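Counting starts at 1 for both ligands and their atoms, following the listed order. Side chains included, hydrogens not; waters and symmetry mates left out as well; all remaining heavy atoms used. This one's a predicted model, so the numbers in the text were calculated from it and none came from an experiment.
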Amino acid sequence: MDHFLYRDGALFAEDVSVEDIAASVGTPFYLYSTATLTRHFQLFDEALAGMDHMVCYAMKAASNQAILRTLAELGAGMDVVSGGEYARARAAGVPGDRIVFSGVGKTREEIRQVLEGGIRQFNVESEPELRVISEVASSLGKTAPITVRVNPDVDAKTHAKIATGKSENKFGIPISKAREVYAEAAALPGIEVIGIDVHIGSQLTELEPYELAYRKVADLTEQLRADGHVIKRLDLGGGLGIPYTRSNEAPPLPSDYGALIKRTVGHLGCEIEIEPGRLIVGNAGILVSRVVYVKQGEGRQFLILDGAMNDLIRPAMYDAHHDIIPVIEPAPGAEQQPYDIVGPVCESGDTFARNRMMPPLRAGDLVAFRSAGAYGAVMASEYNTRPLVPEVLAKGDQFAVIRKRPDFDEIINRDTIPPWL
Ligand SMILES: *Cc1c(COP(=O)(O)O)cnc(C)c1O
């Protein structure tokens with residue numbers, strides 16, 4: 001459920017007209033709903049009620065500080081994957097002891113940065129990383145709390161580019177090697193083993209892969225405890241999928257997911273962390289764009305928008321589907337016609353949809369890409385020297401620009417000309 005609905009024939013974000021925002025901000029822009037963000041966070045929080053838990057929002061899905069602060073005020077922690085994300089979370093007001101650090105390529109500088117700034121835990125992805133954390137922590141006279149991310153070798157049944165829990169993926173250490181790695185961790189200075197981490201992929205639309213993975217984690221917990229390790233925290237990752245079309249069957253609900261967690265690992269008495277990203281912000285954001293031209297091609301009509309692949313890369317990168325709806329509600333029973341919906345960038349990959357049935361649209365009309373909140377704005381670039389797409393947050397009858405559109409000078413003045421030119 002989200003808060004982007006037609007009201008009196010026009011699309012609203014909560015109680016604000018999308019047309020009014022477009023008139024004030026210009027297009028294209030991302031638009032998020034506070035009520036939807038809040039609701040999605042609370043679904044997870046409630047799903048884990050009764051267990052000691054923390055919902056650590058995977059901020060790589062959408063990392064604007066206004067979004068982070070909205071969630072942090074509700075009690076969210078953050079899952080970060082870079083020093084930059086860590087700095088952003090701290091700037092948004094999230095304390096270090098609510099931030100977990102994931103990622104396969106943590107550098108010495110990043111490890112030092114978060115140890116000095118304060119961190120809840122490292123989710124360690126390899127033995128070399130473990131040794132570097134030990135070295136850096138020791139040199140600072142600190143102890144690094146760690147979990148080891150185990151790769152349970154289960155098929156997440158999702159798009160190949162976002163599956164992470166099979167043995168061929170670069171993530172984590174094979175679960176079969178876990179006891180060895182924990183033995184090494186326990187012997188290293190500057191390391192405190194506190195738990196286990198697992199994350200098997202993104203946009204999972206079935207619970208079964210989680211069930212398989214979490215059962216393996218439960219078994220491993222008991223083994224590691226028998227080996228003498230303290231396993232008091234389980235980080236169970238993120239990845240729960242969202243509906244990208246109005247019509248398809250609904251993916252599992254956070255409440256079912258929470259019940260699964262209780263069933264598979266609840267008896268272990270561990271503190272539970274989860275790291276949802278997409279489900280919190282995906283359907284809490286839309287991308288609003290304007291039709292520049294309607295162009296008659298051979299046997300097809302192109303809808304050329306002012307938004308492009310640099311603003312929303314998911315269709316080009318993951319063959320992703322986004323529902324695209326007119327901001328002015330079509331009359332009931334209005335005729336539909338097929339359009340190829342494209343952006344202005346000089347790449348054939350700059351195609352959002354082919355043969356998409358839409359009511360007749362004209363130059364100047366506004367459209368909204370639904371479910372664009374996750375992996376949208378954060379993956380945007382300035383390819384073709386198109387200004388980085390702005391972001392807007394709605395709350396009730398208010399809205400605010402939370403990242404403004406840079407002007408051309410801001411963009412081009414980032415270049416510097418060497419002295420010999
Ligand atoms: C990307 C990622 C997540 C979030 O995945 P979603 O599908 O957005 O929920 C969580 N944990 C880790 C380690 C990740 O890399």
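For ligand 1, none of its N or O atoms has an N or O atom of A61 under 3.5 Å away. Looking at ligand 1, you won't find any N or O of S102 less than 3.5 Å from one of its N or O atoms. Taking distance alone, with nitrogen or oxygen atoms compared against 3.5 Å, R149 stays at or beyond that limit from ligand 1.
Residue-ligand proximity, G239 to ligand 1, at heavy-atom distances under 4.0 Å covers atoms 5 (O), 6 (P), 7 (O), 9 (O). Listed by number with element, the atoms of ligand 1 under 4.0 angstrom from any heavy atom of Y375 are 1 (C), 4 (C), 5 (O), 6 (P), 8 (O). Near A58, meaning under 4.0 Å from any of its heavy atoms, are these atoms of ligand 1: 3 (C), 4 (C), 10 (C). In summary, the atoms of ligand 1 found under 4.0 Å from a heavy atom of D79, numbered by their order in the structure, are 10 (C), 11 (N), 12 (C), 13 (C). Contact atoms of ligand 1 toward K60: 1 (C), 2 (C), 3 (C), 4 (C), 14 (C), 15 (O) (distance under 4.0 Å to a heavy atom of the residue).
Salt bridge annotation for R215-E211: present, with a cationic side-chain nitrogen under 4.0 angstrom from a carboxylate oxygen. Under a 4.0 Å N-O distance rule, the pair E85/K60 does not qualify as a salt bridge. Under the 4.0 Å criterion applied to side-chain N and carboxylate O atoms, E275 and R149 are not assigned as salt-bridge partners.
Nearest protein heavy-atom neighbour of atom 7 (O) of ligand 1: S202 OG, 2.3 Å. At the shortest separation from atom 11 (N) of ligand 1 among protein heavy atoms lies E275 OE1, 2.5 Å.
Distances shorter than 4.0 angstrom do not occur between any heavy atom of L279 and any atom of ligand 1. Residue A374 places every heavy atom at 4.0 Å or more from ligand 1. For P276, the heavy-atom gap to ligand 1 drops under 4.0 angstrom.
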Check against side-chain contact (heavy atoms from CB on, under 4.5 Å), I133 and R131: CA-CA 5 Å; I133 294 174; R131 291 171 206 140; over 6 Å; no
Test log, rule side-chain contact (heavy atoms from CB on, under 4.5 Å), inputs R225 and L268: CA-CA 11 Å; R225 283 177 172 170; L268 296 166; 4.1 Å; yes
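Heavy-atom neighbours of K216 NZ from other residues, nucleotides or ligands within 6.0 Å: above the threshold of 12. Around CG of D8, the count of heavy atoms belonging to other residues, nucleotides or ligands within 6.0 Å does not exceed 12.
Geometrically, K106 does not engage F122 in a cation-pi contact defined by less than 6.0 Å to the ring centre and at most 45° from the axis.
Summarising the geometry of L71 relative to L37, their closest heavy-atom pair is CD2-O, 4.0 Å, with the distance given to 0.1 Å.
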